[in-house]
J.: 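What follows is a structure written as structure tokens; I'll ask about it next.
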Amino acid sequence: MTAALVAGLLAGYGIAVPVGAVGTYLVSLTARTSLRTGVCAALGIATADGLYALAATVGGSALASVLRPVMRPLHWVCVLVLLALAAWAAATAVRQYRGHRLATRSDPVPPSPARAYLALLGITLLNPTTVVYFAALVLGSRSGEAAGTAEQTVFVTAAFAASASWQVLLAGGGALLGRALTGHRGRLVTALVASGVMVALAVRMAAAPA
């Protein structure tokens, strides 16, 4: 149970910490509207992460028995996928930092809290990196037996909580914290931290029995 909790927290923070276009929009939206709207938008992002964690966990359990004959090579493929995602995130952050490009969005009509929640939920659900990340993490961590319902619940809840805590932190920081995290240097640092988390997950996965 503790392992599922730790894995879920690491997974949630690993996907949430990089401050990209969605995170930048979240901070700017909070600064232009209210903390209530920002928190609702943050929960929309976290809900999408939680849904993908749930889909990957349930799907991973269903696929575990089917893929059992090839679990060992699949295990290492998933390790490589996580390492590739970490390298891609770090390289993108460095490239954007050197090019001084900031991904920003503007919305002339500030949305209501409900609209903000649905908008950020939809935007995050359209991000393919999220589903690839959770699928690789869950399948790569799977041994011959599927995890129980309790472990799955703990993993998904922890992933959601980790994502929600970071997104709410961004929203709560508003314009002051936003300038630090969404500026050139802040975006680079958060992306490199998240890449480090992904590498740690991959190393942990590689050390576990396939």
Side-chain angles (χ1 to χ4, degrees), residues 1-24 45-46 48-50 52-57 59-60 63-64 67 70-99 101 103 124 127-143 147 151-152 154-167 169-170 180-210:
M1 196 73 68
T2 301
L5 175 63
V6 173
L9 290 173
L10 287 175
Y13 283 121
I15 197 64
V17 166
V19 180
V22 175
T24 302
I45 299 173
D49 289 342
Y52 271 136
L54 175 62
T57 302
L63 288 174
L67 298 177
V70 293
M71 284 305 296
R72 184 171 182 81
L74 181 61
H75 178 90
W76 290 105
V77 167
C78 291
V79 170
L80 294 177
V81 168
L82 280 179
L83 291 175
L85 286 175
W88 175 78
T92 300
V94 171
R95 185 174 63 253
Q96 291 181 343
Y97 177 74
R98 289 177 176 175
R101 296 196 301 269
T124 310
N127 184 4
T129 303
T130 307
V131 67
V132 171
Y133 171 78
F134 278 116
L137 186 61
V138 171
L139 286 176
S141 301
R142 187 77 60 202
S143 61
E151 287 77 9
Q152 292 178 357
V154 169
F155 175 84
V156 173
T157 302
F160 169 80
S163 178
S165 66
W166 177 257
Q167 305 302 342
L169 175 64
L170 284 182
L181 292 180
T182 61
H184 297 301
R185 191 180 301 275
R187 288 161 62 87
L188 175 64
V189 170
T190 55
L192 292 179
V193 167
S195 293
V197 171
M198 291 185 194
V199 170
L201 287 169
V203 171
R204 178 174 178 270
M205 186 185 300

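Predicted, not measured: the structure shown is a model, and the values here were computed from it.
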J.: Provide the closest heavy-atom pair for F160 versus G50 in the form atom of the first, atom of the second, distance.
T.: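 So the two residues come closest at CB-CA, 4.3 Å.
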J.: Among all residues two or more places apart in sequence or in another chain, which pass the side chain to side chain contact (heavy atoms under 4.5 Å, CB included) test with A158?
T.: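 Residues passing side chain to side chain contact (heavy atoms under 4.5 Å, CB included) with A158: L5, L9.
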J.: Report the distance from atom CH2 of W88 to atom CG of L83, rounding to the nearest 0.5 Å.
T.: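 Output value for this atom pair is 15.5 Å.
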J.: Testing the basics here: between A46 and S163, what is the closest heavy-atom pair and its distance to 0.1 Å?
T.: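 Looking at all heavy atoms of both residues, the shortest contact is CA-OG, 3.4 Å.
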J.: Which atom names give the shortest non-hydrogen contact between A162 and Y13, and what distance separates them?
T.: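 So the minimum-distance heavy-atom pair works out to O-CE2, 3.3 Å.
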